[in-house]
Amino acid sequence: MDVTKILEADHRKVEDLFDKIEKADGDARTPLINELKTSLLGHMELEETVVYPAMEPVTGKEDVVEGNVEHDLGRKGLEQMIGLAPDEPGFGAALDACKAGIKHHVDEEEDDIFPKLRKDGREVLDQMATPFMTKRLELGLPMTADALSAASNKDELLEEARSAGIESASAMTKDDLAKALAAKMAS
Ligand SMILES: [Fe+2]
Ligand SMILES: [Fe+2]
């Protein structure tokens with residue numbers, strides 16, 4: 001299983017939420033900001049507890065330290081933005097700064113760290129799969145069936161479905177396994 005594909009789907013969701021917040025006015029921003037906060041904090045915790053520690057032998061320590069520092073900066077930016085939400089003066093500037101910081105970090109993961117893991121860390125990625133799914137379930141961090149399907153082959157989905165306690169998993173198609181796991185993650 002290539003969990004980086006799922007992390008990339010999380011990144012797209014966060015970008016989409018930033019866009020929606022920019023387009024929304026006043027109180028209409030509040031539910032979007034709440035969703036952004038849950039998605040972003042959960043994603044960062046998942047990377048910090050499961051992905052970053054496991055990737056260190058492949059990427060080196062510097063990438064891990066840098067990732068953690070950028071997450072801290074991201075959390076500070078988010079806090080500042082939330083403090084000015086939904087429409088205190090300066091909210092737009094805080095949103096721009098938070099979004100730019102996250103973009104820089106996401107580009108680094110997608111252009112440098114994830115390709116390194118795919119090239120030299122297949123084994124690390126495979127070992128990460130079950131702890132990754134377990135932590136995601138614990139965090140209540142949903143994912144789409146499409147992202148799951150793109151990240152996994154059928155056997156991998158079957159293994160994760162079994163360990164998540166999904167009944168009759170062995171009789172399911174790949175698509176059904178992805179849907180059942182996605183539904184489990186969202187419940
Ligand atoms: Fe990420
Ligand atoms: Fe990250």
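When a residue number appears, it is its place in the shown sequence, counting from 1. Order of appearance sets the numbers: ligands from 1, and atoms from 1 within every ligand.
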- Query: Between Asp176 and Lys154, does at least one N-O distance fall below 4.0 Å, as a salt bridge requires?
  - Reply: no

Measuring to the Fe ion (ligand 2), does Met44 have an N/O/S atom at a distance below 2.8 Å?
no

If hydrophobic clusters are built from ILVMFWY residues whose side chains come within less than 4.5 Å, do Leu139 and Leu41 share one?
no

Kindly say whether Ile113 contributes a backbone atom to a donor-acceptor pair with the side chain of Asp63 at under 3.5 angstrom? no

Side chain proximity check, Met172 to Ile166, heavy atoms < 4.5 angstrom: yes

(message) Using a distance threshold of 2.8 Å, state whether an N, O or S atom of Asp10 lies below it from the Fe ion (ligand 1).
(response) no

Looking at Glu109, the N/O/S atom that lies nearest to the Fe ion (ligand 2) is called OE2

**Study point:** Metal check, the Fe ion (ligand 2) vs His43 N/O/S, cut-off below 2.8 Å
**Key:** no

Using modelled atom types and a 3.5 Å cut-off, is there a donor and acceptor pairing between side-chain atoms of Lys116 and backbone atoms of Asp111? no

Check: Which of parallel (below 30°), tilted (30 to 60°) and perpendicular (above 60°) describes His105 and His71?
Finding: perpendicular

For the Fe ion (ligand 1), angle spanned by Glu47 OE2 and His11 NE2 (nearest 10°) is 130°

For OH in Tyr52 and NE2 in His71, the angle at the Fe ion (ligand 2) (nearest 10°) is 80°

Query raised in the report: Got an N, O or S from Glu8 under 2.8 Å of the Fe ion (ligand 1)?
Result: no

**Prompt:** Is the distance between the Fe ion (ligand 2) and the nearest N/O/S atom of Glu70 smaller than 2.8 Å?
**Reply:** no

